[in-house]
Amino acid sequence: MREKFVFLQVGVPSRQDVEEYQDLVREVNGLVGRINAEFGALHWMPIRYINRSVDQPYLAALYAVADACLVSSTRDGMNLVALEYVACQEGRYGALVLSEFAGAASSLPGSFIHNPWNIGETAEVLYNALIASEEERRLKHRRNFEIVTRTGTADRWANLFIEELGKAYAASSAILAEKDPFGRAQAVELYAKTPDKRILFFDYDGTLTPLVKRPSFAKPSRELSAMIRKLAGHTNTFLYIVSGRDRAELSEWFSDPAIGLVAEHGMVVRHPDASDFQPMIEAPDLAWMETVKQIMGYVAERTPGSLVEVKTSSISFHYRECAAEFGERQANELRCTLTSRASTLPVDIITGKKVVEVRCKGVSKGAMVRKILYLLCVPPQTTQPPGSVQEVDAAIQALPGVGLVLCFGDDRTDEDMFEICNRLPTNRSFTVVVGHRKSCARFRMNTPLHVQRLVAALADLAPAPTDTAPGPEPAQDAAARTQQQELAAPPEPASAPPPPRRRTPMAALSPALIPSPRLGGREASDEAQLAHPAPKDLFGPPSP
C-alpha cells in the first residue's frame, strides 16, 4: 500500500503542563519523524501529523473525505470519534476500524473489530478494510448509520428513558396496589383480643433489621432485643425468628429461651423454652460443602468486595459491597457454574438479596414453619405421627387452638413461609412482605422500621390469660358480703397477679416424623400468583 494512502493523525494538545503528556508528545513526534524518514519520498509522506486544535467544521470535513477511520484505543468508555465518523460518511461508505476495547464496539456491528495489542492483527484488519469491496463497505456502513442517526440519538435515548421510567413507576404502583398495607393499630387490637395461641414468625435481615453490607454488622440493638424478649414472654405467644443465619450467631444475639430460633433457612430449630437445636434432617449429607466452598472461593477471589460465609450446613456468597453490575454478573456466572457442577449433589441453590446460598436439599423455611404449626396445633397427647405432607396440612388447616398467625419476610427465601401460611384461615393468618417487591404475601409493610414499631406496640401489651367462669355463690355468703360492703369503706382494688410466663407446653415430636419436602417440588419465585385475596376491610388504610 506504499504511496497509495495517507495516514492523517490528529493530535489535539491536552494538559500541556503535565510532564507525562509532554513526554508523550515528544515520543509521538519522534515516531512520526522516523517513519516518514524511512518510508517517505519527496512527493509522498505516509503520515500527516496535525498537532493543534481543530474546529468542528474542519474535523467534519476530514471525517467526510476519509476512506477509513482507525480507532485503536486500549481502554475507552464509548468513543464519540467512531460515532461522528459514521455520521459524516453518508453516501461514501467509509470503513470504521474499531478497537474491541472501545465502548462503541458493542453497539456498532458494522465495524471492522481488532485487538490493538496485537499489532499483526491490527495491520491485517486495517488492510482488509482498505481493500474491501464497495458492496461490503456499503452494507457495514448502513448498519452503523442506522444506529447512529435513528436508533442511537440522544433524543431517542431520552424518550426511551422517560418511557421506561414510566413503565417502572406503573409496575411499582401496581405492586403496591395489589396488597393492602398492614395496619399497626388494627393488628394490635386483633392481637390483644385473641385468647388462644399466637404464633409469630419473623425473618431477621431486611425484616427486623435493615440490610447491611456485611452480615456481621446486623447485630440487633438493645432496644430491639428487649422488645423481642418482652413480646416472646407474653402468655400463649410463640415467637420464632426464622433466618438464614448460623445457629451460633442467632443463639448469641437472642439468648432468651422464650424466643424460638430457626437457623440456616430451616435446617435447625430451637423451640421456645428449649435448650438445644433440633435438626430438620437427621444426619444430613454434608460432603458437598467442600466442592461448593472451592467454587465460591474461586469466584470470590475474582470479585472485589465479595465474601464467602460458611455455616454449619450451608454456604453463602455475599456481593453487597461489589460494584452493582459487576457483582450481578459474577453472581449469575456463579449460579450457572453451581447449577452445572452441583447438579448431582443433594443441594438447593437459592438466591436472595445480594446473596447466593447453597443448602441441603429439602430444607426450607416453609417446611420448618409447617412443622412448627403442626406441633402447636396437634393435641399434646398425640403419639401417632402423620404419614404424609397432606396429612400434616389437613391437621393444621383449621388452626385448632390457634387464634392468630403472623408471618413477616422480605425476600424470595421467605416465599415458602408465605405459601404455607396463606393456606390457613384468612381471618387468623396474615402474611406480610416488607418492602416493595412482588410476593405471594397478602399484606405489606414499607420498611423494617415499621416492623419494629409493630413489635414495640405488641410488646407493650399485657394479654390477660383466658378468664374462667366463676361458680354460683351461696346465698348466705352473698348477703354477708353485701352487708359488709355497706358498712365498710370500699377497699383499694388489688392488682392482678402477673400471668404465667410460659404457656402451653410444646409437643415433643422427633424431627424425622414430619415430612418436609419442597413445596410442590419447585422454588418459590417473584412471579408466584397471589393466594387468598386479602379482605379489603380488615385493616383499612395505613397508619400515618
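Just so it is clear, the model here is predicted, and its values are computed rather than measured.
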(message) For a side chain to side chain contact (heavy atoms under 4.5 Å, CB included) check, start with the C-alpha distance between T337 and V299, then their side-chain angles and the critical distance, and finish with the verdict.
(response) CA-CA 10 Å; T337 303; V299 176; 5.9 Å; no
Q: Apply side chain to side chain contact (heavy atoms under 4.5 Å, CB included) to R442 and F418, showing your working.
A: CA-CA 8 Å; R442 295 167 45 225; F418 295 154; over 6 Å; no
*Go through the steps for K293 and E290 under the test salt bridge (Lys or Arg N to Asp or Glu O under 4.0 Å), then give the verdict.*
CA-CA 5 Å; K293 181 181 177 182; E290 187 60 32; 5.0 Å; no
- Task: Decide yes or no on side chain to side chain contact (heavy atoms under 4.5 Å, CB included) for M368 and H265, but give the supporting numbers first.
- Result: CA-CA 9 Å; M368 183 59 77; H265 293 291; over 6 Å; no
Q | Test salt bridge (Lys or Arg N to Asp or Glu O under 4.0 Å) applied to R329 and E325, step by step | A | CA-CA 6 Å; R329 185 164 63 250; E325 294 184 1; 5.3 Å; no
* How far apart are the C-alpha atoms of C407 and V369, what are their side-chain angles, what is the distance that settles it, and do they pass the side chain to side chain contact (heavy atoms under 4.5 Å, CB included) test? -> CA-CA 10 Å; C407 182; V369 165; 5.7 Å; no
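In this view, Y169 satisfies the ring pair (Phe, Tyr, Trp, His ring centres under 6.0 Å) rule with no residue, not counting sequence neighbours. In this structure E264 satisfies the side chain to side chain donor-acceptor pair (under 3.5 Å) test together with T312, S313, sequence neighbours excluded. Under the ring pair (Phe, Tyr, Trp, His ring centres under 6.0 Å) criterion, F408 pairs with F182, F202, sequence neighbours left out. Applying the side chain to side chain donor-acceptor pair (under 3.5 Å) rule to E136 yields no partners; only residues at least two apart in sequence or on another chain are considered. Scanning for side chain to side chain donor-acceptor pair (under 3.5 Å) contacts around T303 gives Q330, with sequence neighbours left out. Evaluation of the ring pair (Phe, Tyr, Trp, His ring centres under 6.0 Å) rule for F254 yields Y204 as partners, not counting sequence neighbours.
Using a distance-only test at 3.5 Å, with no hydrogens or angles considered, a donor-acceptor pair links the side chain of Y85 to the main chain of A66. The main-chain N or O of G244 is found under 3.5 Å from a side-chain atom of K311 such that the two form a donor-acceptor pair.
Contact annotation: the side chain of V432 never approaches that of L406 to less than 4.5 Å [non-hydrogen atoms, C-beta and beyond]. Considering only heavy atoms from C-beta on, V81 comes within 4.5 Å of Y63 through its side chain. Side-chain atoms of L96 and C69, non-hydrogen and from C-beta on, do get closer than 4.5 Å to each other. You'll find the side chain of Q22 stays beyond 4.5 Å of the side chain of V25, heavy atoms only. Within the 4.5 Å cutoff, no side-chain heavy atoms of L261 are placed close to those of R247. Contact annotation: the side chain of Q89 never approaches that of N144 to less than 4.5 Å [non-hydrogen atoms, C-beta and beyond]. Residues R245 and D205 are in side-chain contact: their nearest non-hydrogen atoms beyond the backbone lie under 4.5 Å apart. At a threshold of 4.5 Å between non-hydrogen side-chain atoms, the residues I228 and L208 count as touching.
In this structure, R341 places its CZ atom where only 12 or fewer heavy-atom neighbours from other residues, nucleotides or ligands lie under 6.0 Å away. Other residues, nucleotides and ligands place more than 12 heavy atoms under 6.0 Å from the CD atom of E321. Counting non-hydrogen atoms of neighbouring residues, nucleotides and ligands closer than 6.0 angstrom, the OH atom of Y298 reaches no more than 12 such neighbours. Within 6.0 Å of CD in E135 there are more than 12 heavy atoms belonging to other residues, nucleotides or ligands. Within 6.0 Å of atom CD1 in I119, 12 or fewer heavy atoms from other residues, nucleotides or ligands are found, so the atom counts as exposed in its surroundings. When the shell of 6.0 Å around CD of E333 is examined, it contains more than 12 heavy atoms from other residues, nucleotides or ligands.
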Would you tabulate the side-chain donor-acceptor contacts of residues 51-58 under 3.5 Å, counting partners in other chains and residues two or more places apart, or write 'none'?
unit_1: D55; atom_1: OD1; unit_2: Y58; atom_2: N; d: 3.1

Taking distance alone, no hydrogens or angles, what donor-acceptor pairs closer than 3.5 Å link side-chain atoms of residues 37-44 to residues at least two apart or in another chain?
unit_1: H43; atom_1: NE2; unit_2: E3; atom_2: OE1; d: 3.3
unit_1: W44; atom_1: NE1; unit_2: F5; atom_2: O; d: 2.8

Please table the atom pairs, donor to acceptor, closer than 3.5 Å between any side-chain atom in residues 97-113 and protein atoms at least two apart or in another chain.
unit_1: S99; atom_1: OG; unit_2: S73; atom_2: O; d: 2.6
unit_1: S99; atom_1: OG; unit_2: F101; atom_2: N; d: 3.1
unit_1: S106; atom_1: OG; unit_2: G103; atom_2: O; d: 3.1
unit_1: S107; atom_1: OG; unit_2: A104; atom_2: O; d: 3.2
unit_1: S111; atom_1: OG; unit_2: L108; atom_2: O; d: 3.1

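Here R142 does not pair with E146 in a salt bridge; the nearest charged N to carboxylate O distance is not below 4.0 Å. One finds a salt bridge joining R437 and E415 here, because a Lys/Arg side-chain nitrogen approaches an Asp/Glu carboxylate oxygen to under 4.0 Å.
Closest approach of V363 to M267, counting heavy atoms only: CG1-N, 3.5 Å. Smallest separation of non-hydrogen atoms from R137 and G94: NH2-CA, 3.9 Å.
Summarising the geometry, atom CD1 belonging to I350 is positioned 7.5 Å from atom OG belonging to S314; distances are rounded to the nearest 0.5 Å. In this structure, R359 CZ and T413 OG1 are separated by 7.5 Å, a value rounded to the nearest 0.5 Å. In this structure, OG1 on T431 lies 12.5 Å from CZ on R423, to the nearest 0.5 angstrom. Here NZ of K219 is found 6.0 Å from CD of E252. Values are rounded to the nearest 0.5 Å. For the atom pair CZ of R453 and OG1 of T447, the computed distance is 7.0 Å after rounding to the nearest 0.5 Å. The CD1 atom of I35 lies 10.5 Å from the CD atom of Q9; values are rounded to the nearest 0.5 Å.
For residues 128-152, the set of pairs meeting the ring pair (Phe, Tyr, Trp, His ring centres under 6.0 Å) definition, not counting sequence neighbours, comprises Y93-H141, H141-F145. The list of salt bridge (charged side-chain N to carboxylate O under 4.0 Å, His left out) pairs with a residue in residues 16-30, not counting sequence neighbours, reads D23-R26. Residue pairs that meet the salt bridge (charged side-chain N to carboxylate O under 4.0 Å, His left out) test with at least one member in residues 65-75, sequence neighbours left out, are D67-R92.
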